[in-house]
Structure formats: structure tokens, C-alpha cells
Amino acid sequence: MDYVKPNQALDEIVEAGAAKADMGKGRMFVRGVLGGAILACATTLAFTAAAQTKIPMAGALIFPVGFVIIILLGLELVTGSFALIPLAVLRKRTTPGKMLANFAWVSIGHLVGCAVYGALYGLTITKMGTDMSNPLIQTIISASEAKTVAYKHLGFDGMLLVIVKAMLCNWMVTLGAVIAFTSSSTIGKIAAMWLPILIFFGQGFEHAVVNMFVIPTGMMLGADVSFGDWWLWNQIPVLFGNLIGGALFTGLLLYLSHKDHKKAPEKAGAMFPPASPAEATQYNT
Amino acid sequence: MDYVKPNQALDEIVEAGAAKADMGKGRMFVRGVLGGAILACATTLAFTAAAQTKIPMAGALIFPVGFVIIILLGLELVTGSFALIPLAVLRKRTTPGKMLANFAWVSIGHLVGCAVYGALYGLTITKMGTDMSNPLIQTIISASEAKTVAYKHLGFDGMLLVIVKAMLCNWMVTLGAVIAFTSSSTIGKIAAMWLPILIFFGQGFEHAVVNMFVIPTGMMLGADVSFGDWWLWNQIPVLFGNLIGGALFTGLLLYLSHKDHKKAPEKAGAMFPPASPAEATQYNT
Amino acid sequence: MDYVKPNQALDEIVEAGAAKADMGKGRMFVRGVLGGAILACATTLAFTAAAQTKIPMAGALIFPVGFVIIILLGLELVTGSFALIPLAVLRKRTTPGKMLANFAWVSIGHLVGCAVYGALYGLTITKMGTDMSNPLIQTIISASEAKTVAYKHLGFDGMLLVIVKAMLCNWMVTLGAVIAFTSSSTIGKIAAMWLPILIFFGQGFEHAVVNMFVIPTGMMLGADVSFGDWWLWNQIPVLFGNLIGGALFTGLLLYLSHKDHKKAPEKAGAMFPPASPAEATQYNT
Amino acid sequence: MDYVKPNQALDEIVEAGAAKADMGKGRMFVRGVLGGAILACATTLAFTAAAQTKIPMAGALIFPVGFVIIILLGLELVTGSFALIPLAVLRKRTTPGKMLANFAWVSIGHLVGCAVYGALYGLTITKMGTDMSNPLIQTIISASEAKTVAYKHLGFDGMLLVIVKAMLCNWMVTLGAVIAFTSSSTIGKIAAMWLPILIFFGQGFEHAVVNMFVIPTGMMLGADVSFGDWWLWNQIPVLFGNLIGGALFTGLLLYLSHKDHKKAPEKAGAMFPPASPAEATQYNT
Amino acid sequence: MDYVKPNQALDEIVEAGAAKADMGKGRMFVRGVLGGAILACATTLAFTAAAQTKIPMAGALIFPVGFVIIILLGLELVTGSFALIPLAVLRKRTTPGKMLANFAWVSIGHLVGCAVYGALYGLTITKMGTDMSNPLIQTIISASEAKTVAYKHLGFDGMLLVIVKAMLCNWMVTLGAVIAFTSSSTIGKIAAMWLPILIFFGQGFEHAVVNMFVIPTGMMLGADVSFGDWWLWNQIPVLFGNLIGGALFTGLLLYLSHKDHKKAPEKAGAMFPPASPAEATQYNT
């Protein structure tokens, strides 16, 4: 009953993408703060699970908790939107300008949410900075360095490498955002979303929002990473790779997989008028 | 089908919060007794699982059984209400006074429920006080001391630390209370609630109701913790941190994430008259 | 959709309790036979899992299979009824006499079912009595002695101890029987029931029906336990503790948690006439 | 919603049993071939899982995949029918002759399906007979001998032993076939069926169709088992024990647990006319 | 509710097969690209899980993520279609020519998708070719050689062996494609599909699309496998074996298991007219 066929799901995805782009900036920001903080919290849980079991895949099996909470509660994750909003632009349901505004405000929210969680979490694992013996401290420092200076040492190869890992990552993250629309049931959404998120985390690909938490928190804890290393060798190329991976591998290919050529002209006609605010609001959940 | 969109869920959350605040005191107390005892029982189960596997995360994976039973059976957990009732106050569906009465009576119930379970459980693991060899006895004593005197030794830092850990904890607990409203199906509620509860327990954050069981039970079993240590260095700051974490991180931010600015004036108008008892009763499940 | 709110579930629980008390004695007996044998079979499965993994919790995670089969197939488990039928008596939907008749006939059925399964299972693990090398034989013998003579050696303390463990056990078992009513979906019922049953078995509490299998089977296999030890130091106090735990902790407290004081008089009036057979039959599934 | 109460499920079970008995022989045979081969394939998967983990229960946790596929796709498993068709005979919805024809044709199908899968699987693990180093080869040979000559060495005790193990086995297998009717949802059926099948495989009981694969495949691979050993010391007594266990423990006891004595005469009257082909067809899915 | 009986599911399977054959070539290609790449990504996840746990079955338990994503998103997997489209041909709902066109275009898409993912993944695990220390590199090289030159060394036996393993593999893959139609619920589809896919991967059978990734990627990483080895000793015989296994074991046998002989003539008549584009489109999801 609750299974939504891909064609219909694609229509809902486009509307959801349009609604995301039409939201107020304040709301984008707040949803981004919560989205970033929740993803950061899932990351520390996954690190804990991997550390306790010595099996990184155990962390990956548990990591999707954060993504699922974000989507069920209608919060924002910019990497997930990297497929949804471009699809809405492609179908002329919103504009590139509004898309970029969403990306910007949500990302700023993520940075704030990750920073607040990173600071609070850093305080707890260091006992307010008095005790550096918790092994998770070294885990985060190492991850922080592996995600920045390790690429820098490879030079141009490192730049390409981090972009490729970001593309592969967000291909999966956007599949997670998209596959949630194949069910109108909560358990169906949870189970379906779990799969692609598990795939990307289990293989160590590069996710911009996870990194917005891991790298600065590692820096706060003493990682040998400069602000420039963070942004030049990770955050900027990862955001770029995530966007390419999401928009092309998921957005464009899924569009080409399902769009109905015959119906396209008529439908497109009906779509030309700008979406009414009322229509957009209904997806603005 | 059963997935409830966040906007609609938020309306139901507000009504549920209002209904909780309007309940009779006796009922608040009894529901608090059962809620506290069930959470305590889930805590001892999690301790057992962690002790047998030597993997603390195994305890965390199993700990949400208690929270889920409490919510499915419509019992009370004051930490969960720390987001729900403030939201109802924010929307003027109940009063701060009623909110505080709920917090007080439910908390008293929790203390009683945890004490009764703690006493009965303590009797079983010590074989009526005749045998102190069960390793769970030391687990509880150690947890009891780690949750009180360890903070005390850090002085002011310890006070801040316990508050931060309580804020992070209840951010997740209240997400668990809130996310249950995103499904009208039992399996959907169970799966969704499991996620945030697992997150907080897996990372050792501080939860007031768990502590209402662990600390006094540890004291009964011989922990070197005074009544003052319990309340000054844990129970009071944890309740405070839980309230801040729940009301701000979940309550306020979720409200800002989803409230509809345009519709607010009209809707608020319809909401000004105090809820009729009949209306409140329907949520008083 | 399928989630049943606690108030409504409580009404259904009362009707189910009344229907159980109104059943024919033969049916009570046969349902008791099957219920006892299935629970016994789940117990040997759990013993096997614990023995193979050396982790008792692995047995507990798997043990609820038996309880779930019993409830889904509408069979009887007297310990589950220890909350359901007293609630029906409390609401005057059946009589204490009928309640006791149900308890008696179902218990006799359990004894027969457990004895038949115990005999057949004992024959298989001993290869018709020719081979005592299977480690499960010693597991059952040890459990049998731990559940009887170990309490006897503690004297009066042992008597109190076994009663406390029985009360805690059946608080959870009856929560399992009750929580099944919070869903009208099979998967929802299965998931919900799993939780409290896992809690009690994982902590080694005392369950009368499990013991109706473990102790006499252990005796057949050579445990140093007399018929008197079995009944005086386990079966009678455990039945008593199970009844108290179920009727008070779950039955009464849940009733106080949810009963509607205002509506009670009217509703009670409608309830005074004895239930018509037709009405009772509909729950007699 | 999808939970089907036992009384109603029993009616559907009887109709399904009648429809099975009324099917064409060719269809019985083909469904039996697929049913046997799928169960054989699930058996080799379970052997693989147990061998890799050294925990037999891991194989049992995974083994139900085969039973679930068979039931969801409406194929035949004769051991499951050992409760369903006798119930239809008991309610006079089909005849003993038709029942025996179903048992015979489906069993022949099972033998063929198991032989084909056994031959193909034997070729793969021995690399077309060129390499006997795969440890699963010895696993199957040992199982084959344990299931035949080990009983033979016990003489009359062995004959009783294998029958008892077959009775216990099929009590659970038929509960699996029956419990599928307590849900009209796919996930509910899957979860419910998993439980009894896991119970029987986890405890090493004797299942005729599993043995139709294990023993002859073991013989092909070099087990010291004669054709007579296979049939006299396993296949015939196991089929007999499976039938008794299914028909009595599940069929008869479940019938006595739920049949409505008062309504029986009228209902039985309505049932006397032979089922019309149209009616039977609707279950012939 | 959501369970779809096999007869009805079979009708939907035939329509879905016909719709697949009627799709535009470009869409076949794009869906094939995504399908191939997603399956390749699930393969590397499974390799990672197996490497970390040293238990190959752990990889198999996680591998179905890819298949499930492909089916839920309505993408193409040629091996799954090896049962669906032949069934549509058998019922005269499409033509053998269209069937072969689908097989060809989807396979070309798979080759492209697997090559792109293989190249990108190879770059990440070798850090752009600068570091060959990642153990997964050797895993893929070994798998690549085991799937080609190992068969070649066995000569004619090796050719038969690879075909048998391909037949067994795709019997299960097509059961996965078919069993998805037994539920109209997302969670039901996910759970049902998981089973047969787990079975084939857990036993190391040969799947053409997995191999389209593993073998050329292994070659890129340095495996001693020639282009001829790849196609002659794996890809061609595996495609052949997959087709036979899917079309005969699942397609034909399932058809014989459920087709209604009596209704066949009339129904077949209604089916003779070529499907209208509108009808076909509705399955073209």
C-alpha cells in the first residue's frame, strides 16, 4: 500500500525540492543548525561503536540514525538537497538563485550546529579540558588529519582524490534522500534510507556535513590542521564533489531514467507558471 | 500511509503536551511511578548486556526497550515532557503553572518507582543481602560514584560538565518523544524512538530518571556517595540540564523550524480560549 | 494507523480478560497444554543459544519467540492472564470464581504440556537415555537446582528472594501481554511483545511456566531436587509472586494510570449486566 | 489492521488446506520441485553460516529464508501441509484420498528438486568432482551419517529417537505454516514464520524435506550410507514423525483450542456439500 | 493487507516484464548504468564488511542493499529481467526481439556503470594509484582471478562449473525480482527481496553484473587476467547460465506452478492484441 512508484515519487521529490528552495531564510538556518548537530551526534556515536568493537562497519551500521532523524523531522541536510533542488530547477519549479540561497543558509546553519555540538562534545570527552585520556579524542584528531593534511601531502592527486570520494559519497546520500519518497510509511522510509547511508559511511567516503563537525572539532582537540587545510583541502572540494555527485549521478540520471518524454511537453506547460505559495507550503513540512 | 508530516506532528505534539499538563495529579504520580520503574529495569538490562559482552554499545542497543514501553503504554517520563509541555506553553495551550505541576508530580512518581525497583533489584542481585559476588553490584556502585563524586572532584568544571552532558542527553530523549509522533503505526513508532535513545545511552550522557535509579541503588549497595552528593552534584544539575536541552535544543528549535508564520495569527486566535476538558481528554491516553 | 491508544487498548484488554474467564474448561486446558509446551520449547532454544555463544543475553534475545507464537495464535499463558483477568474482575466484567477457574485449568494444561515436551526433549538430548554427554543436560540440571535447593539453603531469605524475582518477572510478562494490544498489526504486536519478554529473561527472573518445564525436566535428568523442593521452594512462591507482580504492578497501576474517573460511573453502569455470550465470544479468538 | 484473529485464521487455514488437496497433480509436482530445491538451498546457506561462525545458531537464524520464500510464492512444502490438509479433512472440506495424493505428488516433487539441487551444489563445492578440500563437503557427509547410521547403531532406541525428533520438528514447521495466516501483510507473515522455523532448526530436529537433500547429497559425496539406511533409518520414520507431529500437536490441538462447539453443527452443515471448484480456486494461489 | 497473492503477483510480473521490454533504448541504457554502478558499490561494501569481520557471511548479509535500492527506484538489473521478460514473452505480452533489445541495452549500461564506478573506486582505494597497501586491492585482484583463470585451469570442467554456479545464482536473483511483487508495501518488498539475494551471495555463486565490476576492476588493479579470460571464462558463460537459471528455474517453473489451465484459453485470447502504450506505460515506473 505504502510503496510509492518511482515516477510518482519523482514528482513528489521535485515538489519537495521546490518547497525547500522557497522556505524563509530563518527557517533554512534553524533547520540547518539542527540537521548539522544531529548528524554530528550520529558521527560520534558511530566513532564510539567502531572504537568499542574494533570493527569500523559496526559504526557504519549505526550511523544512519542521524540521517533518519533529520529526514523524519523535516529538517535540512544540504547534501541531500544537492539532488532534490537541482531536480526542481530542471523542471522549472524553482530558480537557480533560490537554490543557491538554500544551499548557503542551510550550510551556515550546519556550520553553527556542528560547531556548537563539537564544542559541547569536546568538553564532555575531555572533562572540560582536564583529561585527554579518552581514546575518542585521538580518534577525532586522527580523522581530522586524515581528512585534510593527508590529502595535502598528495598534492594535486590528493585534490582529485578528495573530490572523487566526495562524489561517491553524495551519490549515496542523495539516493538516501530520494529513496525516502518511495514509501509513505515511517518504517518503510527508515529502512529504505538506512541502506545508502550505510553504504557511504561503511566505505569511508567524504561527506561535507560530517566533516564540518569532525575537522574543526579535531582542531579544537589539538589536530595539526590549519584553517586553510580544512577549507582548501577538504571543505571546499568536498562540497564541490558532493554537489557534482548528487546533482549528476542521482539527480540527472534518475531524471533521465524516469522522465516521460511523451507527456513532458504538456506537463511542462502546466508547470511553467510559478508555483503558488500555497502549493509550495504543503511540502514545507 | 502512517507517516505523519512534521507540521502535523507538531500540532499533535502541542496537544499531547497540553493534555499531559491537564491530567489529574494522582494519575501523573502513578504514571510517573511506572515510567520510572520501567526505565530503571531497562537500565539494569543494559548493564547486564554490557557486562556479558564487554561492549557498552550492546547495552545501548538494548536500552531503548524501556522508553518504548513507556511511550506505547501512555505512561509519563518527565524528561520527554521537557520538550512537549514547554511547546504547549509556547502555543498558549497550557500554563507554566500546570507545566511545573506535571514536572513535580511525575518526578516524585519517578523517585518512588525507581526506589521500589532499586530496592527489589538490589535484593535479588545480593540474594537478600547475603551475597555480594554478583559483578553487577560493582557495576552499579561504580556508576553511582562516577555520576556524583567524580564530578565533585572536578569542582566548578564538574558542575558545568554534568550540565553539558545532561543537555546533550535530553536533546536526544526529547527527540525520541517527538519523533514518536511522526508515525501512527506501532512499528513505526518503535523504530523511530529507538534511534535517539540509543544515541544518548551509547555515549554515556546524563539522564535524570536513569540516575534516580542508579545513584540511590548504588548508595544502598555501598557506594561512597552522600545524599548531598547525589542531589547537588547530579540530580539537580542534571534535571536543570535536561530541561534546558529539551526545551531549547528540541522544543524551541523544532518550533522555529516548522511554525507557520503566516497562519500563526489566525490559528493562535483559535487557540486562545482554554482547551475544553473534552478536547484535552482525547489526548489523555 | 494500527497503533491503538492506551485508553482504547485498556478497554480491549478488559474484554479479552473477560472472554478468557468465560471460555470452556476443555478449551482452557488445551490452550494451556500448547502454551506450556511452546514456552518450554523456546526455553530450550534459548539455553542452546546461550550455550553456543557463552553470552546469556543471546538466549534472552531469542527467547521471546515462544511468547509471541502463543499470543499470535490465541493460546493461553497463565502468567500473562495474571493482569488481564484481574482487570476484568476490577471492571466487573467477570467474577473472581471464573478467574480462578481459568488460572487452575490453564495451569494444569501448562503442567501437562511442559511434562510432555520435557519428556520428549529429554529423550532427544540423552539419545533415549543412552548418552549423557550433551552439555545441555547439565545446563538443565544446574538450572533446576539453582531454582529450588539454592533458595532452600537461604531459608526464609530464599523464600522472599524467589517471590521478589517472581514479582519482577511477571511485571514484565504482563506488560508483554498488555502491550500486544497497542497494535492491530502483526509486526507491531511482535515487536512490542518482544521487549518486555526480553527484559525479564535477560535478567534471570522467575517465571512459573518456564519453571514447570525446567525443574521437572531437570529432575528427570537427575537433578538433586525433590518434588517438595520443586513446589515449596519454587512453583508455589513463584506462582504467588507472578500473580502479585502481574495484578498489582501491571494490572492495578495501569488501571490507575488510565481509568477515566468522570466517565467511570456511566460506563460502569453499562457494564453491570453480565456480558452476553455473543459479546464474550468475539474476543474468544 | 493486518492481524488476523486466530478463529478467522483457522477458517482460512482450512480453506487453504482444501485448495491444496484439490490442485492438479502436475501443479503439485512442480510446486514440490521448487519447494524442495529452495529448502535445500537454504540448508546449504545455513551450513555455510554455521561453518564460518562456528556457532550453529547462526545457521538457524538464517535458515528460515527458504521457508519464507516458499510460502510467499505459494509453493508447496509437504511438511507444512501435514497440519493444513488434515484440518480440512477434519472439517470435511476435502477427502483423505485427495490429501494422500497431495502428500505423494508433492513429496515426489521434493525428491526431484532436492536431487537436482544436490547434484548441482555437489558439483560446485567439489569443483566438478576435482577438489574435495571444501570443508562443507565433510559437513554434509557427517550430517548425512549422523542422520542415518547413527540412529541405526542405537537399534530400536534409534528408531524411536528419530521419530521423536521428527515429531518435535514438524510441530514447529506446521506452526510456521499456520502462523503465516495470522497476518495479511508481507512483513507480518515473514516475521511470524521466522520464529517457529528458527526454533526447530536451532535445536537440530529432523525434517523430512531437509533430509531429502542432505542424505542423498552426502551419499553422492561419499558418505557411508546405503539407500536402505537412508529410507529405513531416516526418511520413512521422519515422514511418519513429521506427519504425527504436524497433524496432532498442531492440527488437532489448534482445532480443539479454537473450534466453536455451539456453532459447529450449523457450520458443519454448510460445509457438507463438496467445495465448488470456483471456491477452491480462489485459494489456489 | 499489502500481501499480494502469487497468482495476482504473477500477472503483475508479466505486465512489468512487458513494460520493461517496451521502454525506450535510452532509458534502458541509463537505468542500466545506475543499476550496474549501485550493484558494484554494494559489492565493495560487502567486500569491506567481510574483510573487517573475517566472516564472508557478514558481507552477504549486507550485500542486498544494492539490489533493494535498484528495485525500489525502478532501475534495471538485467539478471532480474531474465525471468520477468521471458514470462511476458511466454504470455505473448511482448516479443523475443524486444526482450533481446532490453537485455542488450541494459547490459551495455551495466558495463558502463560498473566501469565508471570501478575506475572511481579503484582511484580511491589506491589513493590515485599512489598506494597499493589497502587490503581491499588484493581482495579484488584475488576475486578477479578466482572468477576467471581458476575456471580456465579446470578446462571443460571449469566451463561447466561456472555455468552451474551462474544458474544457481540467478535462480535466486530472479526469485528476488519476483518476490518483490508479493508486497505492495516498501518494508515488505525490502524484507522479501533481502532473502534470495543473501542466499546467492552467501554461497559465492556467479552473478554477471557483479562480475562486470569485479573482474575489470581487478584487471585495472593488476590481476593476471586477460580480456579473453574475462569474457570467455566468465562473462559469456555466466550470462548464459544466469539466463538459463532465471528463465527456467524461476520463470518457467513459477509459471507452471501458478498458471490457471482452465482460464488460460480465454485469458490468452484477451492477451493476443498487442499491449497498448498506455497500458504498458503504467508499469513503466
Side-chain angles (χ1 to χ4, degrees), chain C residues 1-2 24 26-27 29-35 37-38 41-42 44-46 48-53 58-59 62 64-66 68-69 72-76 113 116-117 119-121 123-131 136 180 183-191 277 281-285, chain D residues 1-10 54-58 60-61 150-151 154 156-158 160-161 164-165 167-168 171-172 175-176 178-179 182-185 187-192 194-196 198-200 202-206 249-250 252-263:
Chain C
M1 321 288 240
D2 68 275
R27 198 181 279 186
F29 172 75
V30 177
R31 291 187 184 185
V33 169
L34 267 178
I38 290 171
C41 191
T44 56
L45 181 78
T48 308
Q52 287 176 7
T53 59
I62 222 170
V65 293
V68 166
I69 294 173
L72 288 186
L73 291 178
L75 303 172
E76 289 290 313
V116 170
Y117 180 76
L120 294 178
Y121 183 76
L123 290 175
T124 71
I125 54 171
T126 61
K127 298 190 179 171
M128 308 303 284
T130 63
D131 179 349
L136 283 166
S183 176
S184 59
S185 151
T186 306
I187 187 74
K189 283 175 182 284
I190 293 173
T281 303
Q282 97 184 79
Y283 290 92
N284 229 345
T285 51
Chain D
M1 322 287 240
D2 68 275
Y3 176 61
V4 180
K5 294 201 169 177
N7 254 347
Q8 188 186 334
L10 208 68
K54 319 279 182 223
I55 298 175
M57 197 57 75
L61 283 167
Y151 293 124
L154 290 172
F156 183 66
D157 274 352
L160 289 182
L161 178 56
V164 168
K165 288 173 91 166
M167 288 168 68
L168 290 177
W171 173 39
M172 283 296 136
L175 283 181
V178 158
I179 212 167
T182 65
S183 176
S184 58
S185 152
I187 188 73
K189 282 175 183 284
I190 293 173
W194 212 274
L195 312 182
L198 153 64
I199 294 177
F200 104 73
Q203 302 193 79
F205 298 150
E206 293 286 346
F249 290 175
T250 295
L252 184 64
L253 288 191
L254 218 60
Y255 180 72
L256 294 175
S257 289
H258 289 293
K259 76 165 173 165
D260 198 333
H261 295 280
K262 287 166 206 164
K263 288 190 182 168

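Quick caveat, the model's predicted, so the values are computed rather than measured. All chains are named by letter (A, B, ...) in the order of the sequence lines, taking the proteins before the strands, and each is independently numbered beginning at 1.
With a threshold of 4.5 angstrom between heavy atoms, Thr130(C) approaches chain D through side-chain atoms but not through N, CA, C or O. Ala37(C) touches chain D through backbone and side chain together, each having a heavy atom under 4.5 Å away. Looking at Leu168(D), only its side chain comes within 4.5 Å of chain C, counting heavy atoms on both sides. Residue Leu10(D) does not touch chain C at all, counting heavy-atom pairs closer than 4.5 Å. For a residue to count as touching a neighbouring chain, one of its non-hydrogen atoms must lie under 4.5 Å from one of that chain's; by this rule Leu160(D) touches chain C with backbone and side chain alike. Residue Phe29(C): no heavy atom, backbone or side chain, is found under 4.5 Å from chain D. For chain C, no part of Ile190(D) is nearby; none of its heavy atoms comes within less than 4.5 Å. For Thr182(D), the parts sitting under 4.5 Å from any heavy atom of chain C are the backbone and the side chain alike.
Ranked by heavy-atom pairs under 4.5 Å with chain D, the list Ala58(C), Ser185(C), Gly188(C), Gly66(C) is led by Ser185(C). Of all the listed residues (Ile62(C), Val68(C), Val33(C), Val116(C)), the one sharing the greatest number of non-hydrogen pairs under 4.5 Å with chain D is Ile62(C). Highest contact tally toward chain C, considering only Trp171(D), Phe249(D), Phe200(D), is held by Trp171(D) [criterion: heavy-atom pairs under 4.5 Å]. Most heavy-atom pairs under 4.5 Å with chain C, from the set Lys189(D), Met167(D), Met57(D): that is Met57(D).
Heavy-atom minimum distance, Thr48(C) versus Gly202(D): CG2-O, 3.8 Å. Nearest heavy-atom pair, Ala191(D) versus Ile187(C), reported as atom, atom and distance to 0.1 Å: CB-CD1, 3.6 Å.
The backbone N or O of Leu253(D) sits nowhere less than 3.5 Å from a side-chain atom of His258(D) that would complete a donor-acceptor pair. Between the side chain of Lys165(D) and the backbone N or O of Phe205(D), no donor-acceptor pair lies under 3.5 Å. Distance alone, capped at 3.5 Å, is enough to place a donor-acceptor pair between the Trp194(D) side chain and the Leu61(D) backbone.
With Leu175(D) as the partner, the side-chain contact (heavy atoms from CB on, under 4.5 Å) test is satisfied by one option alone out of Ile38(C), Leu72(C), Leu34(C): Ile38(C).
There is no side-chain donor-acceptor pair under 3.5 Å between Ser184(C) and Asp2(C).
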What verdict does the side-chain contact (heavy atoms from CB on, under 4.5 Å) test give for Leu256(D) and Arg27(C), after you've listed the backbone C-alpha separation in whole Å, the side-chain angles of each residue and the deciding distance to 0.1 Å?
CA-CA 7 Å; Leu256(D) 294 175; Arg27(C) 198 181 279 186; over 6 Å; no
